[in-house]
Amino acid sequence: MQSGVQAQVPVLYVADADSARRFYELFGYSEIRTGGDGESRWSYLQCGELTLLLAAVTPRLVTVELPLLIYLYVEDLAATVERLTAAGLTVERAGHPEHAPGGECRTTDPDGNVVLFGQRRAVPAQARVPQSGTEDRFSLIREAAEAVSRRGGAPARCQIGAPRGEACPAPAEVKLADSWGDTVWGCMAHADEALLNARGAFLARDDGQGLGEFLRARQAHPERADHE
């Protein structure tokens with residue numbers, strides 16, 4: 001039998017190694033080695049058995065489409081949130097999904113990468129911190145999916161798919177759109193992912209109550225506008 005992987009070192013390209021290091025230190029990482037100068041700087045971080053290499057190289061050796069999405073599991077969600085907010089960072093609470101029964105939050109690192117972090121250890125319902133508006137987004141997604149289910153007309157399958165382009169076998173449940181006119185149907189999970197990362201995306205209604213219908217009604221009954 002061939003020997004397997006002995007270690008894994010994620011590499012994150014950053015604009016400023018020191019700024020990125022200070023950010024990830026808030027999650028418990030500490031710098032164990034650093035090097036480079038001029039146009040090449042790197043910082044090797046470790047947290048327990050986990051490692052992370054921050055690389056500030058000009059020009060970058062690898063070109064990636066930003067922002068990235070990074071997921072971290074933390075031991076104490078409340079303590080992590082307290083450290084981040086004390087450092088002046090904005091943290092959004094994202095409820096208590098099945099994969100993070102102790103809670104899940106969202107923030108961004110100095111390079112604009114989305115950092116989701118959750119707690120695997122569950123907490124009692126009475127100990128949960130009130131949501132910060134993100135829960136409203138989840139309830140809106142559920143409401144939109146229920147409306148689509150009642151009305152029908154959605155495609156059979158999710159059109160968003162997995163990150164590497166694999167087809168998603170789940171049924172389409174909600175429709176998303178953006179201000180550029182692009183639309184896509186997605187399952188609940190992938191629609192939530194799109195809304196979380198594509199800040200210009202929003203839930204689209206497909207029931208004839210859009211701007212076109214509003215403007216037509218306004219022109220047909222101008223007297224109603226006088227009372228609005």
Side-chain angles (χ1 to χ4, degrees), residues 10-16 19-29 45 47-48 50 52 54 64-125 127-145 158 160-164 168 170 173-179 184 186-204:
V11 180
L12 185 62
Y13 283 93
V14 299
D16 187 294
S19 296
R21 171 184 53 77
R22 288 192 293 268
F23 173 83
Y24 286 98
E25 283 177 344
L26 297 171
F27 287 93
Y29 285 96
L45 309 182
C47 181
L50 303 176
L52 177 64
L54 305 175
V64 295
E65 184 178 351
L66 297 176
L68 301 175
L69 174 62
I70 302 168
Y71 200 103
L72 303 173
Y73 278 108
V74 298
E75 182 178 358
D76 191 327
L77 186 77
T80 304
V81 171
E82 185 176 350
R83 290 196 300 270
L84 292 169
T85 53
L89 296 166
T90 300
V91 177
E92 299 177 5
R93 297 187 179 273
H96 295 76
E98 292 184 3
H99 59 268
E104 186 177 74
C105 294
R106 175 189 187 280
T107 188
T108 55
D109 74 4
D111 291 274
N113 298 311
V114 176
V115 179
L116 279 170
F117 56 99
Q119 179 178 305
R120 285 193 173 112
R121 175 175 50 84
V123 296
R128 295 181 178 180
V129 179
Q131 306 306 307
S132 57
T134 314
E135 183 68 19
D136 295 337
R137 174 170 57 84
F138 295 136
S139 63
L140 286 173
I141 297 175
R142 286 192 292 268
E143 180 181 331
C158 170
I160 297 176
R164 295 182 179 179
C168 174
E173 298 176 89
V174 292
K175 185 179 182 181
L176 304 182
D178 61 26
S179 55
V184 67
C187 64
M188 289 277 287
H190 286 138
D192 177 57
E193 180 186 358
L195 288 171
L196 190 65
N197 294 285
R199 288 303 185 96
F202 54 86
L203 288 167

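Nearest approach of V81 to C105, heavy atoms of both residues: CG2-SG, 3.8 Å. Of all heavy-atom pairs between C187 and V174, the closest is O-CG2, 4.5 Å. The minimum heavy-atom distance between H190 and C158, with the atom names listed, is ND1-SG, 3.7 Å.
Once rounded to the nearest 0.5 Å, the distance linking CG of L26 with CZ of F117 reads 10.0 Å. To the nearest 0.5 angstrom, T107 atom OG1 is 5.0 Å from L89 atom CG. Interatomic distance, CD of E104 versus CG of L116, reported as 5.0 Å (0.5 Å rounding).
When side chains are defined from C-beta on, L54 does not count as touching F23, because their heavy atoms never get closer than 4.5 Å. Using a 4.5 Å heavy-atom cutoff, the side chains of V14 and R21 are not in contact. Looking at heavy atoms from C-beta onward, H96 lies out of side-chain contact with P101 at the 4.5 angstrom threshold.
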Take L52 and F27, measure what side chain to side chain contact (heavy atoms under 4.5 Å, CB included) needs, and give me the verdict at the end. CA-CA 12 Å; L52 177 64; F27 287 93; over 6 Å; no

Checking I70 against L12 for the side chain to side chain contact (heavy atoms under 4.5 Å, CB included) test, could you report, in this order, the C-alpha distance in whole Å, the side-chain angles of both residues, the deciding distance, and whether it holds? CA-CA 10 Å; I70 302 168; L12 185 62; 4.0 Å; yes

Determine, step by step, whether Y73 and R121 satisfy the side chain to side chain contact (heavy atoms under 4.5 Å, CB included) criterion, reporting the C-alpha distance in whole Å, the side-chain angles of both residues, the deciding distance to 0.1 Å, and the verdict. CA-CA 10 Å; Y73 278 108; R121 175 175 50 84; over 6 Å; no

Between T80 and Q119, is a side chain to side chain contact (heavy atoms under 4.5 Å, CB included) present by the stated rule, with each step listed? CA-CA 10 Å; T80 304; Q119 179 178 305; over 6 Å; no

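Among residues two or more places apart in sequence or in another chain, the side chain to side chain donor-acceptor pair (under 3.5 Å) test is passed with S19 by D16, R22. Residues forming a side chain to side chain donor-acceptor pair (under 3.5 Å) with E82 (at least two apart in sequence, or on another chain): none. Applying the side chain to side chain contact (heavy atoms under 4.5 Å, CB included) test to V184 and every residue at least two apart in sequence or in another chain returns Q159, I160, L176.
One N or O on the side chain of D111 and one on the backbone of A15 form a donor-acceptor pair closer than 3.5 Å.
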